[in-house]
Amino acid sequence: MLGKFFRKPEDDQGGRIPPGQTLTTRFPVLTYGPTPRIEPQNVEVRVWGLAEEQTFTWADLLAMPQTTLTYDIHCVTHWSKLDTTWTGVTVPELMSRVQLRPGATHVMIHSYGGYTTNLSLEDFVRPLNLLAHDFGGAPLETEHGGPMRLVVPHLYFWKSAKWISGLEFMDHDMPGFWERNGYHMRGDPFKDERYSDGY
Ligand SMILES: Nc1nc2c(c(=O)[nH]1)N[C@H]1C(S)=C(S)[C@@H](COP(=O)(O)O)O[C@H]1N2
Ligand SMILES: [Mo]
């Protein structure tokens with residue numbers, strides 16, 4: 001809260017810094033539990049639920065068109081980092097190869113190690129969302145979700161599941177790991193959607 005009062009005018013960066021956030025040039029690691037170590041060639045992203053079941057291998061993912069994007073990221077623990085550069089497969093590119101069944105409205109993202117986080121399809125299928133394997137032009141470090149993580153830059157960074165392993169399509173919203181533990185179901189940083197009521 002104090003940050004709100006001691007914020008310098010230049011911290012606003014032309015509206016790029018959401019309320020309650022402070023800039024960092026570091027890249028903090030935030031992981032709940034142990035770090036899964038998966039060899040790239042063993043990475044698989046499995047699709048199930050309200051979609052035709054299929055598995056994308058590492059080779060499948062690298063054979064898709066690759067996109068490099070630069071944008072800001074915002075963690076619910078109050079740090080924001082500007083101009084981060086990621087390379088990978090955009091979610092629309094991946095989803096053009098997924099056959100959804102009627103009624104699918106949400107997706108539960110699954111990670112190696114058991115982490116989960118929920119997204120509406122509207123928040124998931126966006127041109128800036130990446131299944132990223134490179135950060136700043138180098139292979140993504142294991143601590144930051146390598147070999148491959150999701151990046152959803154318009155929501156708080158807990159939605160950007162590291163070590164992505166699966167997509168479970170659903171006809172309703174369900175809380176993932178942090179959402180069950182009090183975080184907001186959507187998590188828009190510019191709306192300060194940090195926590196849910198009623199916990
Ligand atoms: N699989 C997995 N993904 C995760 C997490 C996690 O604990 N496990 N933490 C989330 C949280 S709370 C944040 S803020 C970001 C942190 O990413 P970083 O460690 O690369 O900064 O990853 C998110 N993705
Ligand atoms: Mo976080």
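Counting convention: from 1, in listed order, for ligands and their atoms alike.
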S.K.: Could you tell me whether the side chain of L150 reaches within less than 4.5 Å of the side chain of V91, counting heavy atoms only?
M.R.: yes
S.K.: Would you mind listing each N/O atom of ligand 1 next to any protein N/O under 3.5 Å, plus the distance?
M.R.:
| unit_1 | atom_1 | unit_2 | atom_2 | d |
| --- | --- | --- | --- | --- |
| ligand 1 | 1 (N) | S111 | OG | 3.4 |
| ligand 1 | 1 (N) | K162 | O | 3.0 |
| ligand 1 | 3 (N) | K162 | N | 2.9 |
| ligand 1 | 7 (O) | Y32 | N | 2.7 |
| ligand 1 | 9 (N) | L30 | O | 3.1 |
| ligand 1 | 17 (O) | R149 | NH2 | 3.2 |
| ligand 1 | 19 (O) | L30 | N | 2.8 |
| ligand 1 | 19 (O) | K162 | NZ | 2.5 |
| ligand 1 | 20 (O) | H144 | ND1 | 2.6 |
| ligand 1 | 20 (O) | R149 | NH1 | 2.8 |
| ligand 1 | 21 (O) | P28 | O | 2.6 |
| ligand 1 | 22 (O) | R149 | NH2 | 3.3 |
| ligand 1 | 24 (N) | S160 | O | 3.1 |

S.K.: Determine whether the aromatic ring centres of F135 and F27 lie less than 6.0 Å apart.
M.R.: yes
S.K.: Regarding T117 and E179, do their side chains bring together a donor and an acceptor under 3.5 Å, going by distance alone?
M.R.: yes
S.K.: Would you say CD of Q54 has more than 12 non-hydrogen atoms from neighbouring residues, nucleotides or ligands within 6.0 angstrom?
M.R.: yes
S.K.: Please state whether the rings of Y32 and F177 are parallel, tilted or perpendicular, taking 30° and 60° as the class boundaries.
M.R.: tilted
S.K.: Could you check whether T116 and H110, counting side-chain N and O atoms only, form a donor-acceptor pair closer than 3.5 Å?
M.R.: no
